[in-house]
Amino acid sequence: MSPITPRTMPGVLELLPREQEIHDAMRDTIRRGYARFGFLPVETPTIERTDVLLTKTGGETERQVYFVQSAGQLEQGGQPELALAFDLTVPLARYVAEHEHDLNFPFRRYQIQRVYRGERAQRGRWREFYQCDIDIIDRDELSVRHDAEIPATIASVLDALDIGDFTIRINDRRLMRGLLEEAGVTGEPAQTDLIREIDKLDKIGPEKVRDALLAGGMASGAADTLLQQTSTRTTSAEEALATLSDLGSGPTAAGADSLSEVLRVLADLGVPEMRYSLDLSIARGLDYYTGTVYETTLDDHPELGSICAGGRYDDLAGQYTKTHLPGVGMSIGLTRLFFQLREAGLLPANISAIDAVVTLMDEDGLGYALEVASLLREAGIRVETRMEPDKLGRQLRNADRAGIRFALIDGGAERSARTTTVRDLDEGTQETVPLDHLVQHLKHR
RNA sequence: GUGGCCGUAGCUCAGCUAGGUUAGAGCGCCAGGUUGUGGCCCUGGAGGUCGGGGGUUCAAGUCCCCUCGGUCACCCCA
């Protein structure tokens, strides 16, 4: 009987090797994609100082922060001075402010790390999860053209992940505020509250949003107009620009002009029209977004929710420096994306971290087997060796389960002839080849 | 933080509504059939104090209470 049940806490994702390989391959694809667009790698500590982490956050975020405290401190009843990062944007703000004079602006970085949120775990809601962020930060002013570069990069990366069609939905918070303004809703917190309701349009449907708008004090007619406007989902760049052109006056002008520029640059960047859509209901809950906002869903699986989101923020690091640092960025929730794809049976094809296993059937064969393995490793082939003899059938079965494609069989016959039998576990075929030709043979398959 | 639902083998579940022989199935796992050949098939095996505690009863997986755990929705979010 074991005294302690081995188990993880809810809200963390732990994988077996075969799935870990797929997860890691996705992470690598994202990283390489970000690098291709000229973003630089940054990694920040998982643990930050509490005062740094909690500055610009509201009460809601603070509720989700994990505090970190040593056992000694705890005994002495001290307040925690450290906490786990709950996103990568706040650490980025600290990073840019701290290293301001050593960075080139506009500063573009990618960052792929785990973050922590102390919320009730749910399907697709994790307490520990990977975020894959890109952001562009500049001093004083940041060209709105970068607001097109961010989704262009994301579109390229999601394409490379080969997870089916997706749509990056784009809006501008100023546009939504303008529409509310026209509908007679002014001031805070009224606007923010209603923006939050409209953001749920696709999730809870127009009736319930209408109820919320009325409950928020809007007149029936104004609510209907607003609902109709925010239901806009364009399917082409032309349609999107025309929509914005119609909206481009009065309180909505700033947002519409800015979005138009974003859409034009998006086209110049060569992003296919089917990859994005102007969606006037998108708002994002986070209050620090001030302009462009993005939200991404898979076309065939909208129920999986947002797999990638972000936006523009006027002043990233106002709490840390007097320098005005506007930024724009997006984040792929890799843990959610991976999990949802797995649940939907949509994971990319199996990838093995091992190309071949050298089997071992008798003690006398060890030297030869290890020699064969060395030969392959020198050629860059990933090889596992058996160190104890075992039944061949068992070795083949284990290799098959691990997703390893090739098994090398070296019995007495192969040894004396300086050959090896290469069995292809995917095809169910095998061939005996001389050692001299082994590497070439494997690389050809 | 608020509110629903559910806890029976590693996993998915049946048995509970009418308490009553040694608690079952499928899948998975292990071994053998095949002493140098995986997947398919056949045979056998391991694995459960029915989440935990208390109560009712001659008798509790089954009924009642408490507790712990899981899960879903809301809030919020990747």
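Protein chains get the first letters and strands the later ones, always in sequence-line order, with residue 1 at the start of each.
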Rounding to the closest angstrom, what is the interatomic distance between B/C16 and B/G61 at atom C1'? 8 Å
Can you identify which nucleotide, out of [options], has its nearest atom closest to the [X] side chain?
X        : options             : result
A/Glu414 : B/C77, B/G36, B/U2  : B/G36
A/Arg125 : B/C72, B/C77, B/G69 : B/C77
A/Pro10  : B/C75, B/G36, B/U71 : B/U71
A/Gln122 : B/U37, B/U2, B/C75  : B/C75
A/Arg196 : B/G70, B/A73, B/C76 : B/C76
A/Lys391 : B/G70, B/G33, B/C76 : B/G33

Take the protein atom CD of A/Glu343 and the nucleotide atom C1' of B/U12, then report the distance between them rounded to whole Å. 14 Å
Figure out the CZ/P separation between A/Arg114 and B/C77, and round it to whole Å. 23 Å
Tell me whether the guanidinium CZ or amine NZ of A/Arg94 lies under 6.0 angstrom from the six-membered ring centre of A/Tyr320 and within 45° of its axis. no
Do A/Arg31's NZ or CZ and the ring of A/Tyr110 fall within the cation-pi criteria of under 6.0 Å and 45°? no
Contacts under 3.5 Å, N or O only, protein and nucleotides 38-45 of chain B:
{"residue": "B/G38", "atom": "N7", "partner": "A/Arg423", "partner atom": "NH2", "Å": "3.0"}
{"residue": "B/G38", "atom": "O6", "partner": "A/Arg423", "partner atom": "NH2", "Å": "2.8"}
{"residue": "B/G38", "atom": "N1", "partner": "A/Leu425", "partner atom": "O", "Å": "2.5"}
{"residue": "B/G38", "atom": "N2", "partner": "A/Asp400", "partner atom": "OD1", "Å": "2.4"}
{"residue": "B/G38", "atom": "N2", "partner": "A/Leu425", "partner atom": "O", "Å": "2.5"}

So what does A/Arg401 touch, heavy atoms closer than 4.0 Å: a base, only the sugar-phosphate, or nothing? sugar-phosphate
By nearest nucleotide on RNA chain B, pick out whichever of A/Met361 and A/Trp126 is the more 5' one. A/Met361
Give a yes/no on whether any side-chain N or O of A/Lys200 is located under 4.0 angstrom from OP1 or OP2 of B/C75. yes
